[in-house]
There are 2 protein chains.
Amino acid sequence: MNHQAFSELDLTSLLSLSYSTLIYELHDRLSELGYGDIRPAHGFMFRRIIPNGATGIELAEHLGITKQAVSKMVDYLVKSGYVKPQTHPTDKRGKIIVLTERGWSVVKAKEEILADIQQRWIENIGAERMQLLKEDLTKLVYEANEGKLSSKVRPVW
Amino acid sequence: MNHQAFSELDLTSLLSLSYSTLIYELHDRLSELGYGDIRPAHGFMFRRIIPNGATGIELAEHLGITKQAVSKMVDYLVKSGYVKPQTHPTDKRGKIIVLTERGWSVVKAKEEILADIQQRWIENIGAERMQLLKEDLTKLVYEANEGKLSSKVRPVW
DNA sequence: CAATGTGGTCAATCAAGTTGACTATTTTGT
DNA sequence: ACAAAATAGTCAACTTGATTGACCACATTG
């Protein structure tokens with residue numbers, strides 16, 4: 001696999017590969033730190049639970065998946081010790097999902113690893129180009145999802 | 001969902017969202033053209049089958065999945081009329097997967113749609129910035145996968 | 001030409017999602 | 001005030017795209 005081979009990749013492949021490359025290294029390193037039971041799909045759920053917890057419905061909307069799917073994911077994360085349910089203060093039907101101490105520790109580890117990878121990327125392409133890259137991607141995502149983000153556009157770590 | 005909300009997204013989220021945004025529009029439009037039975041996972045398989053066909057093992061290596069998974073995908077694509085098996089010229093065990101006419105037509109449709117989306121993106125951020133974006137992503141993907149691309153780094157359309 | 005390797009299939013399982021039916025509460029309209 | 005409708009969540013069965021393990025037929029190699 002040489003550099004030339006990559007030059008032929010179109011934008012879709014580039015986005016896909018850069019994303020999966022990042023995710024793969026992240027989860028590899030999380031595994032080494034003892035967080036092997038966290039999978040990519042769990043990441044954006046954590047982002048919504050921080051900082052004050054969230055209900056199942058809120059998580060479902062945020063992730064663009066059904067509440068049943070959220071329910072299963074939450075079950076798994078409770079069993080693995082990353083989150084715990086709290087009784088809802090005003091609604092007896094509802095429950096609020098919050099991070100446990102282990103949950104917070106994996107979020108912290110994730111942030112450190114991502115900062116590290118991003119630093120390596122900056123050393124590779126330069127800080128200015130990295131800034132441009134982020135700006136452009138932000139613009140593209142924003143324009144493409146004008147007023148209707150969420151459903152089906154399901155980000156993961 | 002306002003622009004400010006996106007500004008807080010980290011690189012991982014940006015890559016994930018720009019990718020899924022692209023894929024989602026692509027498959028939406030393929031559906032409208034009558035290719036609703038093609039799913040994102042099939043895309044990179046087509047890229048390897050073009051132009052001269054490929055064996056199951058070659059596809060498995062290219063996609064970084066097992067030969068059993070390839071076998072199932074091929075079954076589905078044969079049933080849907082996008083590819084067909086040809087007998088291997090020298091190895092009686094093997095078979096070569098090639099595109100049918102319908103296979104070629106969906107590949108062509110895919111390319112037109114992607115070109116169209118990319119054109120819109122260029123109008124949005126400018127041709128120079130698009131060039132930089134591609135260069136930088138190419139660089140990042142290349143550096144990160146130095147000599148070990150493929151397994152687990154599984155690109156799709 | 002026997003032993004080993006390789007291309008492919010079958011079957012069972014898993015992960016992450018879906019739809020549909022249901023219960024228990026809460027909110028709303030008259 | 002209270003019946004009707006909406007909402008939060010669960011249970012169960014199914015789907016898609018993957019996995020592992022066992023196996024068969026053919027190819028390659030000492």
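Labels below follow one simple rule: chain letters A, B, ... track the order of the sequence lines, proteins then strands, and each chain is numbered from 1. Computed over heavy atoms, backbone and side chain alike; hydrogens, waters and symmetry mates excluded. What you are looking at is a predicted structure, and each value in this text was computed from that prediction instead of being measured.
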Return the value, rounded to whole Å, for the distance between atom [atom1] of [X] and atom [atom2] of [N].
X	N	atom1	atom2	result
B/H42	D/dT16	NE2	C1'	9 Å
B/H88	D/dA25	NE2	C1'	15 Å
A/I38	C/dA16	CD1	C1'	15 Å
A/K79	C/dA16	NZ	P	11 Å
A/K67	C/dT19	NZ	C1'	12 Å
A/M73	D/dG9	CE	P	15 Å
B/L59	C/dG8	CG	C1'	13 Å
B/D91	D/dT28	CG	P	6 Å

request  = Could you tell me whether B/E25 and B/R120 make a salt bridge, using a distance below 4.0 angstrom between a side-chain N and a carboxylate O?
outcome  = yes
key: Ion pair check, A/D10 and B/K134, cut-off under 4.0 Å   = no
For a quick test of reading the model: is some side-chain N or O of [X] closer than 4.0 Å to OP1 or OP2 of [N]?
X	N	value
B/R93	D/dC24	no
B/T66	D/dT19	yes
A/S71	D/dT10	yes
B/T55	C/dG7	no
A/K95	D/dT10	yes

ask   = Should the ring pair B/Y82 and B/Y35 be called parallel, tilted or perpendicular, given that the plane angle runs from 0 to 90° and is split at 30 and 60?
value = tilted
message = Distance criterion of 3.5 Å, no angle test: do you see the side chain of B/K72 paired donor-to-acceptor with the base of D/dG17?
response = no
request  = May I ask you to verify whether the side chain of B/Q68 and the base of C/dG7 hold a donor-acceptor pair under 3.5 Å?
outcome  = no
request  = Would you check if the side chain of B/E111 reaches a backbone N or O of B/K108 as a donor-acceptor pair within less than 3.5 Å?
outcome  = no
ask   = Starting at the 5' end of DNA chain D, which residue's closest nucleotide do you reach first, A/D75 or A/G94?
value = A/G94
Ring-ring centroid check B/H42 B/Y76, cutoff 6.0 Å = yes
